[in-house]
Amino acid sequence: MAAIDSLIATAVSDTDLLRKLDGQGDSFAVPRDVEFLLRAPSAEKATTVASFINDYQYGVATAQDLEDSPSVLVVVHMPIEQHTIQSVSGFMACVCELFGLDYDGWGCVVQVAHT
């Protein structure tokens with residue numbers, strides 16, 4: 001999939017997830033840990049990408065399931081307002097395109113603002 005196609009698909013998926021979270025009463029402006037999952041074709045690739053993300057402080061990345069199903073879990077503490085989450089999500093999709101991984105999206109715990 002070309003990078004532009006990946007970005008378009010990611011934006012659609014992000015918007016769908018934001019709608020679901022909004023329906024659960026999420027307050028998008030409240031910062032929280034957001035997890036991004038990048039699926040790797042090999043343990044070596046997962047380790048390389050985790051190192052890249054950590055070296056340049058794009059998030060806190062951990063290579064995981066290296067023997068069975070290699071992937072990289074990236075955690076970024078951030079709000080999930082649409083422009084913010086789509087920028088970071090799009091960046092993760094681009095990293096996957098550059099390194100030959102599959103971007104599997106993001107998730108987080110619903111946050112409700114306390115008034």
Side-chain angles (χ1 to χ4, degrees):
M1 181 184 306
I4 192 73
D5 293 332
S6 180
L7 288 172
I8 291 168
T10 298
V12 171
S13 295
D14 292 345
T15 302
D16 290 344
L17 183 50
L18 287 171
R19 284 188 183 118
K20 289 177 187 173
L21 292 170
D22 187 46
Q24 296 174 22
D26 197 308
S27 178
F28 296 162
V30 176
R32 79 286 307 272
D33 285 345
V34 180
E35 297 180 341
F36 300 86
L37 185 61
L38 294 65
R39 300 213 179 264
S42 68
E44 180 182 1
K45 204 61 107 144
T47 302
T48 299
V49 171
S51 292
F52 170 78
I53 290 169
N54 289 328
D55 288 350
Y56 294 99
Q57 300 178 11
Y58 291 120
V60 177
T62 305
Q64 59 184 20
D65 299 326
L66 297 180
E67 291 183 19
D68 300 326
S69 179
S71 63
V72 179
L73 181 68
V74 182
V75 178
V76 179
H77 190 78
M78 59 184 287
I80 60 165
E81 292 157 316
Q82 188 167 7
H83 63 281
T84 304
I85 192 65
Q86 285 189 300
S87 295
V88 177
S89 183
F91 173 76
M92 296 298 171
C94 286
V95 166
C96 287
E97 287 291 322
L98 290 170
F99 285 94
L101 280 70
D102 292 321
Y103 180 51
D104 200 24
W106 60 272
C108 64
V109 175
V110 172
Q111 300 294 313
V112 179
H114 300 290
T115 56

Atom of [X], atom of [Y] and distance for their closest heavy-atom approach:
X	Y	answer
R32	D26	NH2-OD1, 2.8 Å
P41	G100	CD-O, 3.6 Å
T10	S89	CG2-OG, 3.0 Å
P79	T84	O-CG2, 3.9 Å
E97	S6	OE2-CB, 3.6 Å

If two hydrophobic side chains count as joined below 4.5 Å and joins carry through other members, does [X] share a cluster with [Y]?
X	Y	result
L98	M92	yes
I8	W106	no
V109	F28	no
L7	L17	no

With a 4.5 Å cut-off on side-chain heavy atoms, are [Y] and [X] touching?
X	Y	value
V95	L101	no
I85	M78	yes
V88	V34	no
T15	Q86	yes

[X] [atom1] to [Y] [atom2] distance, which is reported to the nearest 0.5 Å:
X	Y	atom1	atom2	answer
F99	L38	CZ	CG	10.5 Å
L37	L73	CG	CG	6.5 Å
E81	S87	CD	OG	11.5 Å

Discussion item. Take a 6.0 Å sphere around CD of E44 and say whether it holds more than 12 heavy atoms from other residues, nucleotides or ligands.
Written reply: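 Count not over threshold, so no.
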Worksheet item: Can you name the side chain to side chain donor-acceptor pair (under 3.5 Å) partners of H83, sequence neighbours left out?
Response: none
Which atom pairs, donor and acceptor, lie under 3.5 Å between side-chain atoms of residues 51-66 and protein residues at least two apart or in another chain?
residue	atom	partner	partner atom	Å
S51	OG	T47	O	3.1
N54	OD1	A61	N	2.7
N54	ND2	A50	O	3.2
N54	ND2	A61	O	2.9
Q64	NE2	S71	OG	3.3

Fill in: Ion pair check, D22 and R19, cut-off under 4.0 Å
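A salt bridge is absent here (no side-chain N lies under 4.0 Å from a carboxylate O).
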Worksheet item: Parallel, tilted or perpendicular for Y103 and F36, by the 30°/60° rule?
Response: parallel
